[in-house]
Amino acid sequence: MTDAKIDIKGVRDGLLILIDENSEWMSAVGELVEKLDKQAAFFAGAKLTINLGSRPVTRHGLSSLKAALDNRKLALSKIMSDSPTTTDAAESLDLRTGPASVAPESDDMGATQRYRTQPFDPNEDTVVGLLVPRTLRSGRSVRSDGHVVVLGDVNAGAEIIAAGDIVIWGVLRGTVHAGAIGDVTARVCALEMAPTQLRIADRYSIAPQDKGRWRRTRPEMARIEGDFIVVEPWQRTARKD
Amino acid sequence: MGGRVVTVTSGKGGVGKTTTTANLGLALARLDKRVVVIDADIGLRNLDIVMGLENRIVYDLVDVVEGRAKVKQAMIKHKQFPDLYLIPAAQTRDKSAVSPADMVQLCNDLRKEFDFILIDSPAGIERGFRNAMAPADDILIVTNPEVSAVRDADRVIGLIEAENKGPARLILNRVKMDLVRKGDMLSADDVTDILAVKLIGIVPDDEAVVSASNSGTPVTLQDNSRSGQAFRNIARGCAARTYLSCSLMRKAGC
């Protein structure tokens, strides 16, 4: 996921994009746009904060970036920069600005709640996880660039989009997307699987609609096998790795 | 602190909020409680019709909030129960005529003189809903055993939890027992599985509810009606402030 010029992180109120201040501006923008297009599902509807470090960017340079985002229906909510040139340019484009050195704070208590992700030990070679210690009811949305663990149900009308795995200690009734940046090895586990829609990387599946009891009350795990998403009971055999 | 503010809401429209509010108001009045019901559905007022008080409206909620009338002047006394009052909604205005702070202020005034202040919330999750929610001590969610109604109830419960209100309590309205037995309708267990809140009343589907509402004499006044009985049971839980769960009521033989 990490790239030389672009780094993307999940923050409380959306996604934070870091553009390396030493890279060439137009090629960095090109790379970002390529990323956005390749993983359109992950970025769809996200609020973006862009951290430009201390790089000076002209109004022209910034407005071409903003146009590229507008074309993809992405909201650029804030520019973080330590360069007065960039800050002035952003302000002239009616963008919110802030210093590059601090994390962005949420001022928006809308229905979409995103959680800050923080590594518990930066030296450990793991992907960062996000623990949601409650049931996600209809209308809630959780996004993470790592794994997501929910202690509770995920009700129909709620969604989780994660770059990594999704584990639900409860009933999954809503929509989840694991491996949203393209990881085909991502998995979805739930104590009870009854999703509206289940997506892994670029595959998606819906729960079988046999009219009677479609609900199976056993823990299951979904993953990609070959071209399809398979859902298997959580047993010793499923835990090969 | 005086009276208790009970807000009846649902998210989805047409599930029986107004009917429930009217019936609970009357049932609480029958238990000798001092009750005022407030119609917060400004622009689409109904509660006055269901309670049979439509032709007595002079002043309404917006008149009170905007200072054209005193609270006392807008309160309409019920024909049968002298301790039951209605504050009607304005029909010619919309939800933005009242703010959540106005509702809190009004309810704080009413608490001094009443045991219960019932608020009939409009459908939706916008301004009208927030107006109805702002002063609430207890929140009753009305839903039907239908997937879309349950989905909206789930959304509303989420909003209530996010505001640290509640706990929300659930009334399942319009249940057709024969369909549930055949497996063609969501059962109470199916609904509580999803919503995970306390179910304090199951109201059976009953044609008498419609005709009673149309004639302005809510069904809870009919002693032999099963739906009326269901509302009386909920009112008893409300009056005692215990809100017995349905499973307990069944054990108690209600």
Side-chain angles (χ1 to χ4, degrees), chain A residues 12-13 106-116 131-143 148 150-160 168-176 190-197 206-220, chain B residues 9-13 15 100 123-130 133-134 139 141-170 172 179-199:
Chain A
R12 198 187 335 170
D13 61 348
S106 167
D107 57 359
D108 163 22
M109 292 300 286
T112 306
Q113 198 173 349
R114 277 138 198 180
Y115 297 78
R116 186 190 298 275
L131 177 69
V132 183
R134 68 183 70 86
T135 288
L136 291 172
R137 295 185 183 273
S138 176
R140 290 277 148 180
S141 169
V142 170
R143 241 169 241 265
V148 174
V150 178
L151 290 181
D153 299 342
V154 177
N155 282 355
E159 63 170 13
I160 300 175
I168 294 152
W169 192 255
V171 187
L172 169 56
R173 304 185 184 92
T175 295
V176 294
L191 292 186
E192 212 179 302
M193 283 271 191
T196 309
Q197 201 184 87
I206 51 179
Q209 286 284 342
D210 41 13
K211 267 222 157 175
R213 301 290 299 173
W214 79 91
R215 239 174 67 180
R216 283 169 291 189
T217 54
R218 58 185 177 189
E220 290 181 308
Chain B
T9 189
S10 71
K12 188 173 181 295
V15 297
I125 53 174
E126 293 82 20
R127 177 68 171 267
F129 166 76
R130 293 207 306 279
M133 209 50 61
I139 297 166
I141 310 278
V142 182
T143 193
N144 295 155
E146 289 164 24
V147 175
S148 53
V150 172
R151 185 75 52 88
D152 289 1
D154 188 45
R155 179 88 169 95
V156 163
I157 295 165
L159 293 173
I160 292 162
E161 286 173 350
E163 296 203 3
N164 288 320
K165 287 268 188 182
R169 295 174 171 103
L170 188 69
L172 192 57
L179 286 186
V180 172
R181 260 177 242 118
K182 274 194 281 177
D184 290 337
M185 183 175 254
L186 293 175
S187 71
D189 286 345
D190 293 336
V191 175
T192 48
D193 258 9
I194 295 169
L195 297 180
V197 292
K198 188 167 170 184
L199 180 65

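The structure displayed is predicted, hence computed values, not measured ones. In what follows, every heavy atom counts, from backbone to side chain, and hydrogens, waters and symmetry copies are set aside. Proteins get letters first, then strands, A, B, ... in listed order; numbering begins at 1 in each.
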Practice prompt. Could you tell me whether B:Glu161 and A:Arg137 make a salt bridge, using a distance below 4.0 angstrom between a side-chain N and a carboxylate O?
Written response: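 The answer is yes: the pair qualifies as a salt bridge.
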Discussion item. If I measure from the heavy atoms of chain A, does B:Ile157 come under 4.5 Å with its side chain, its backbone, both, or neither?
Written reply: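 Both the backbone and the side chain of B:Ile157 come within 4.5 Å of chain A.
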Straight-line distance of [X] [atom1] to [Y] [atom2], nearest 0.5 Å:
X	Y	atom1	atom2	result
A:Thr135	B:Leu195	OG1	CG	10.5 Å
A:Arg173	B:Asp193	CZ	CG	6.5 Å
B:Arg151	A:Asn155	CZ	CG	8.5 Å

Fill in: Shortest non-hydrogen contact from B:Arg155 toward A:Ser138
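For B:Arg155 and A:Ser138, the tightest heavy-atom pair comes out as CD-O, 3.1 Å.
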